[in-house]
Each structure stands twice: as structure tokens, then as C-alpha cells.
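Just below is one structure, and these are the notes that go with it.
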Amino acid sequence: MLSPNDPTLRRRAAAVLDAAWREEGFCVPNQETYPFQWLWDSCFHAVAWAELGDERGVAELESLLAHQDASGFVPHLTHWADPERHRTFWGQSMLSTITQPPMFGHAAAELVRRGHDVDESTLERVERGLRHLLVDRPRTPAGLVPIFHPWESGCDDSPRWDHWRRDDASVAAWRVTKGRLVDALVVGPEGVPIGSSEFVVGSVGFNALLVWNVRELRSLGVGDELTSLESELSELLADRWDPERLTWIDDGPTDRGSGAATSAFVRTADSLLPLLVDHRPEALSQLVDDRAFGGEAGPSGVHRDEPMFDPGTYWRGGAWPQLTYLLQRAAREGGDAQVADRLAACLRFGVDESDFAEYWDPSTGEGFGACPQTWSALAICV
Ligand code: GLC
């Protein structure tokens with residue numbers, strides 16, 4: 001079993017990040033599959049760079065926020081050297097028109113905690129990014145901050161979005177659905193998404209990350225005015241807990257009776273992210289219970305009893321390193337050192353076994369998806 005601070009794991013993580021580094025100041029998640037800059041990936045890279053004591057973490061946070069617009073919106077994708085690549089798809093060059101979980105509050109806090117200097121203007125951008133989501137997005141009926149596209153959750157093909165899928169769960173069928181949902185975006189006068197004619201979901205995972213990122217920024221003494229918004233939102237989130245299914249429930253289609261319409265109830269690991277802000281032992285224990293989400297190589301992305309559980313298929317049950325990292329943080333901050341240590345060991349095992357894959361089998365660590373994938377470097381941060 002690999003111990004925390006294992007020197008070989010650290011060297012391998014540093015080599016993966018180093019090979020992925022681009023002169024504009026960021027890492028591509030994978031050179032072939034993901035040759036651009038992604039929002040939450042860059043935040044995770046910044047955390048890993050910070051752990052390595054490498055100044056590139058600050059540069060990566062700055063490059064991520066370089067294309068933030070006046071409203072505070074941060075695009076989920078920046079194409080940098082290949083600006084026209086997806087122009088037809090997004091209807092504009094260089095940037096996508098959707099966002100991703102605003103992990104920049106956590107990235108800034110980790111950088112500062114590990115002794116790096118994050119300047120005032122970067123912290124101000126982080127604050128504006130969080131404020132934009134809290135204030136400018138019209139709320140869902142339950143008062144949550146909506147996402148307007150499955151990709152905004154970061155959990156692209158999650159069964160939580162099956163309600164909108166018109167075909168099978170193959171990656172190709174999903175691509176068609178996601179193109180349709182980009183067309184459904186409603187863009188406001190400032191050019192940022194303010195709605196969708198099809199997909200408006202109060203994702204509990206996304207909202208938990210938003211609240212937690214505000215708290216992380218607040219830990220640096222910045223973003224005072226966001227405090228009341230953050231605490232209101234965390235109370236609304238607490239109301240989404242379902243004691244029967246032992247999950248938080250999205251503000252989305254909640255017809256318990258009929259198959260596809262139950263998306264909001266499907267038990268997924270990202271829907272347990274509210275653990276970051278609401279420490280419920282009965283939610284946490286599922287992560288290390290192998291009849292629920294537990295596995296040697298980390299929690300499965302989908303509860304093992306869900307009919308669609310399929311660990312080898314993209315977002316349908318594999319263990320995802322960035323989720324394991326976040327859930328491990330939740331356990332640590334919630335004061336459950338035993339679960340936190342266990343999740344940390346599982347993450348190291350999965351990364352080692354899969355050789356830094358994008359995601360892997362939660363039981364065996366067999367790697368799937370892109371490899372190496374930079375966010376696996378998070379294994380040195382737990
Ligand atoms: C996949 C993931 C998304 C990630 C991107 C780049 O699309 O679903 O969360 O940001 O890859 O790694």
C-alpha cells in the first residue's frame with residue numbers, strides 16, 4: 001500500500017503535469033483527448049502544483065481566469081492555440097458558452113495555505129466568478145443555483161441527466177443530446193448563459209461545490225458580502241436530503257414513479273458532494289461500504305444497486321479521482337479521520353493501479369478513458 005508522500009507517486013505526478021504544461025500557463029488534461037484548458041481541471045492542477053511547491057499553480061489559476069468576462073462568468077473551456085476548433089459548435093471562437101463547478105475558490109485557498117502568493121486582482125476575479133453564479137443566475141423553484149447544461153456539472157454523462165437523453169447511453173448518443181442542449185441555451189445581453197429552453201437543474205453537487213468554494217475564499221478573508229448568500233444556499237441544500245434513498249436530490253424532474261423521469265433521485269457520488277457543507281455520517285459511510293459506493297480503488301460514481309451501474313462506461317459507475325479527492329476532503333473536514341484516511345488510500349491505489357487514468361474500476365483500479373489524465377495528480381494531495 002502506498003503511503004502519503006510516497007516519493008515515487010510524487011515524481012510520477014510531477015512528470016504527468018510537466019508533460020501536459022502549455023506555455024500559455026496551463027495543463028491540458030490529456031494531450032490527445034483533451035488538448036485545451038478546462039475550468040475545474042485547471043483548479044485541480046493548481047492544487048497539485050501547490051502541493052509540489054511549484055509556482056505554476058498560481059500561473060494556472062491566472063490563465064484560467066484570464067478570459068473571465070465583465071459579469072464574472074468563467075467559460076468551462078478555453079481553446080488557446082486552436083481558437084477556431086469548436087467555433088461552429090459554440091457559435092463563437094476560443095471559449096465555450098457554459099461553465100463548470102467553480103473550483104477556483106478552493107484552488108486559491110490551497111495555494112495560499114501552501115505558501116504561494118495569490119495577488120489581489122486574482123482573488124477579486126475569484127470573488128466575481130462566485131458572485132456571478134450566486135447573483136446573476138435566476139434561481140430554480142427550490143431556490144438553488146441552476147446549471148443549464150449537463151457539462152456544467154463536470155459529470156458529463158451522469159445518469160442524473162438521463163431524463164434529457166432521447167437515445168441509448170452510448171457516448172455517441174450523449175454527444176447528440178449535448179449538442180441539442182447547447183442549442184437550447186438562452187444567452188443574455190452580456191453573452192453569458194442565463195437559461196435554457198430545455199435543461200434547468202438545481203444540481204445538488206454543483207450547489208455544494210459553489211457553497212464550499214465561497215467558504216474557501218472566505219477563509220482568506222475575501223468575499224465577505226457573499227456570506228449571507230452562501231448560508232442561505234446551504235440551508236436550501238440541506239432540505240434536499242432524502243433519508244430514504246440516502247442521497248441529496250436535485251431540483252429537477254422528480255417523478256418517483258416512472259423510469260427515466262427519476263433522474264434527480266439516481267444515487268451518484270457527485271450527489272453526495274453536499275457532504276462538504278453538511279456532515280451527515282449516514283451519507284459518508286456509504287462511500288466506504290462495498291454494498292453501496294465503496295471499492296478498493298475509491299467510491300463508484302454510481303451506487304452499485306442502481307440498474308445502470310456500469311463501472312467501465314464513461315460516467316456510469318467508474319471511480320473518478322477528482323470526486324474521491326473532494327469526498328475525502330469532506331470526510332476530513334467533517335472530522336471523520338478514519339473514512340478520510342481510507343478514501344485517501346483508495347485514491348492512491350486507484351491512481352497507481354490505473355497508471356494515472358481519467359477514471360477506473362472502483363473495485364480493481366483497472367484504468368478507463370484518457371491516460372495519463374492530469375487530475376490523477378490529486379493523489380499526492382490527500
Ligand atoms: C470530461 C469530464 C469533465 C472534464 C473534461 C476534461 O469531459 O467529464 O469533467 O472537465 O473531461 O478533463
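First listed ligand is number 1; within each ligand, the first listed atom is number 1.
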Taking both backbone and side-chain atoms of Gln322, is any N or O found less than 3.5 Å from an N or O belonging to ligand 1? no

Ionic contact status for Glu152 with Arg137, cut-off 4.0 Å: yes

For Asp251, is there an ion pair with Arg139 - N to carboxylate O distance below 4.0 angstrom? no

Is it true that Trp151 lies under 4.0 Å from ligand 1, counting heavy atoms only? no

Please work out whether any backbone atom (N, CA, C, O) or any side-chain heavy atom from C-beta onward of Phe44 is under 4.0 Å from ligand 1, and answer side chain, backbone, both or neither. neither

For Gln100, the atoms of ligand 1 under 4.0 Å from one of its heavy atoms are 3 (C), 4 (C), 9 (O), 10 (O)

For Gln373 and ligand 1, answer yes if some heavy atom of the residue is under 4.0 Å from a ligand atom, otherwise no. yes

Arg12 with Asp352: basic N within carboxylate O range, under 4.0 Å: yes

Between Trp38 and Trp375, is the ring centroid distance below 6.0 Å? no

Atom 12 (O) of ligand 1 sits nearest the protein heavy atom Asp41 OD2, 2.7 Å

Over 60° means perpendicular and under 30° means parallel, so classify the ring planes of His149 and Trp151, tilted if in between. tilted

Closest to atom 1 (C) of ligand 1 among protein heavy atoms sits Tyr314 OH, 3.2 Å

Within a strict 4.5 Å, meaning less than it, do heavy atoms of the Arg240 and Leu144 side chains meet? yes

Atoms of ligand 1, numbered as shown, that sit under 4.0 Å from any heavy atom of Gly154: 2 (C), 3 (C), 8 (O), 9 (O)

